[in-house]
Amino acid sequence: MIDGTAGVSGRREPDEALLDDPAALAERDPGGMLRHTASAGAQVRETAALAAEANLQVLADEGRPRAVVIAGIGTAGRTGDVLATVAGPRCPVPVIPHRSAGVPGWVGAADVVIAVSASGRSPEALGAAEAAHRRGARLVAVGAPDSQLQSVAERARAPFIPVPRRAPARASLWALTVPVLLAARTLGLVKVNEADLAETAARLDADADRCRPTAESFVNPAKSLALGLAGSVPIVWGSSPLATVAARRFGDTLSANARYPVVSGALGEAGRGRVGLLDGVFGGLAEGERDIFADPDEEAPSGTRLRLVLLRDGGLNPEDDADEPLDVEERRADAVQTLAERRGVRCDVVTAEGGSALERLASLVAVPDFASIYLALAHGLDPMAVPAITEMKELANQ
């Protein structure tokens, strides 16, 4: 019989002082999640070089595909969202992330399937690769070297981009994303050049330095964000399609690393209903119960409350094609900040920086990635080990 509490440890109340004790942080992060996350810039450079060594040109020999399917689950699945967003609304073919085993029923010889798995053994990626081979679709595989996925690619005589398993999948977003983008570039679907990759890697390096364990909370944006989120129900909304990918990524890492329940998604969708959360029992109603004689400089009253994190694209490239005008996105973001302020819901804003879509995405992902780990450590949780995942696998395979 499986013990439902086996391996579950930590504290409900966060230890804020711990975040400014580098030795204690290292002790509570035995798997090195902070170190792995700091390698994001190196991941970009390494996998760009590995992709350059793969025979991707065979993809282009048959011309433009009818559609591109990116098959994977978890972090591997997010690579499809990144590709669809970076390719943008003017991409000449549909780009379809697919998170189930196999491929959609319409996939055939006119299509390309990119199967992605950090371990090289996920059923979703393996099933998609096998199905693509059977149906005569062009295949690209991205994953751990000497894995089952590589074997499938070799049988299909398809390009395989080996991504060394140096970190858990959660901390390998960039290692998995860059090969997908470069395969799509070979097909003429995205404009990602070497300068974009270099600038993105440099941005990730710079943010890793700002978020390093030895930087104190008052100058470390990730520690500050983590402390703001502590004890809350986070709502993470992205102002644009690009920012929405980052918002959903933050939802992933907050749930997996810090074990926090999260509402994440597009701000445009939130305005059709979910923005009502700001009025609810964890939002405006909680604020309405606050003692009017309380010190306004004190922390929010006891009890779980919402904390809004708004990821804003910033409109740095207003000439870019977009699903809707930039000024609409900006007005909507301003409006939700005003709504939150009126209801006493605290709001953190992360604004994109950089000259390319990829670099802007990196600037929205890096600090939140670190924040999710610091929040876990503040609660005494090991961000690497998630007992519920192991237990679920055991239960599902009985």
Side-chain angles (χ1 to χ4, degrees), residues 43-73 75-99 103-104 107-118 124-125 128-129 132 137-143 149 153 156 158-163 172-201 241-242 244-246 249 317 320-323 356-362 365:
Q43 291 177 27
V44 171
R45 287 183 283 268
E46 179 182 33
T47 54
L50 291 169
E53 296 173 2
N55 185 25
L56 291 177
Q57 189 55 41
V58 299
L59 289 175
D61 292 344
E62 297 178 39
R64 180 178 293 169
R66 177 180 60 177
V68 176
V69 174
I70 302 89
I73 195 73
T75 301
R78 285 280 169 238
T79 66
D81 300 331
V82 174
L83 174 56
T85 305
V86 172
R90 293 194 65 184
C91 181
V93 305
V95 174
I96 303 170
H98 184 71
R99 292 177 167 84
V103 294
V107 168
D111 306 303
V112 170
V113 173
I114 305 177
V116 186
S117 169
E124 294 77 13
R138 280 175 277 175
L139 171 67
V140 183
V142 179
L149 186 58
F160 177 78
I161 302 172
V163 176
S172 302
L173 175 67
W174 296 100
L176 298 173
T177 295
V178 170
V180 171
L181 292 173
L182 294 181
R185 183 181 71 176
T186 304
L187 293 165
L189 307 186
V190 291
K191 297 178 180 178
V192 176
N193 57 39
E194 276 58 39
D196 294 334
L197 293 171
E199 290 162 3
T200 298
L242 187 80
T244 298
V245 172
R249 162 69 178 180
N317 286 332
D320 283 354
D321 295 300
D323 291 324
S356 68
L358 194 61
E359 185 183 356
R360 294 204 306 276
L361 178 64
V365 167

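Closest approach of Ala141 to Leu149, counting heavy atoms only: CB-CG, 3.8 Å. In terms of heavy atoms, Ala132 sits closest to Leu139 at CB-CD1, 4.3 Å. When every heavy atom of Thr186 is checked against every heavy atom of Leu56, the shortest pair comes out as CG2-O, 3.3 Å. The heavy-atom pair separating Thr75 from Ser172 by the smallest distance is CG2-C, 4.5 Å. Minimum heavy-atom separation, Ala137 to Gly108: CB-O, 3.2 Å. Closest of all the heavy-atom pairs between Val69 and Pro104 is CG1-CD, 4.2 Å.
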Could you walk me through whether Ile114 and Val116 pass the side-chain contact (heavy atoms from CB on, under 4.5 Å) check?
CA-CA 6 Å; Ile114 305 177; Val116 186; 4.0 Å; yes

Please test Gln57 against Leu59 for side-chain contact (heavy atoms from CB on, under 4.5 Å), starting from the C-alpha separation and ending with a verdict.
CA-CA 5 Å; Gln57 189 55 41; Leu59 289 175; over 6 Å; no

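Atom CG of Leu197 and atom CH2 of Trp174 lie 10.0 Å apart (nearest 0.5 Å). The CG atom of Leu358 sits 10.0 Å away from atom CD of Glu199, with the distance rounded to the nearest 0.5 Å. Note that CG of Leu187 and CG of Leu182 are 11.5 Å apart. Values are rounded to the nearest 0.5 Å. Taking OG1 of Thr85 as the reference point, atom CZ of Arg78 lies at 10.0 Å (rounded to 0.5 Å). Distance check: Arg360 CZ to Leu242 CG gives 6.0 Å after rounding to the nearest 0.5 Å. Rounded to the nearest 0.5 angstrom, Ile73 CD1 and His98 NE2 are separated by 9.5 Å.
Side-chain contact between Pro179 and Leu50 is absent, with no heavy-atom pair separated by less than 4.5 Å. At a threshold of 4.5 Å between non-hydrogen side-chain atoms, the residues Val95 and Ile70 count as touching. Counting heavy atoms from C-beta outward, Val178 and Gln43 have side chains that stay 4.5 Å or more apart. Proximity of Val82 to Val180: side-chain heavy atoms (C-beta onward) are nowhere separated by under 4.5 Å.
Among the candidates Val142, Thr177, Leu181, the single residue satisfying the side chain to side chain contact (heavy atoms under 4.5 Å, CB included) test with Thr79 is Thr177.
One finds a salt bridge joining Arg99 and Asp81 here, because a Lys/Arg side-chain nitrogen approaches an Asp/Glu carboxylate oxygen to under 4.0 Å.
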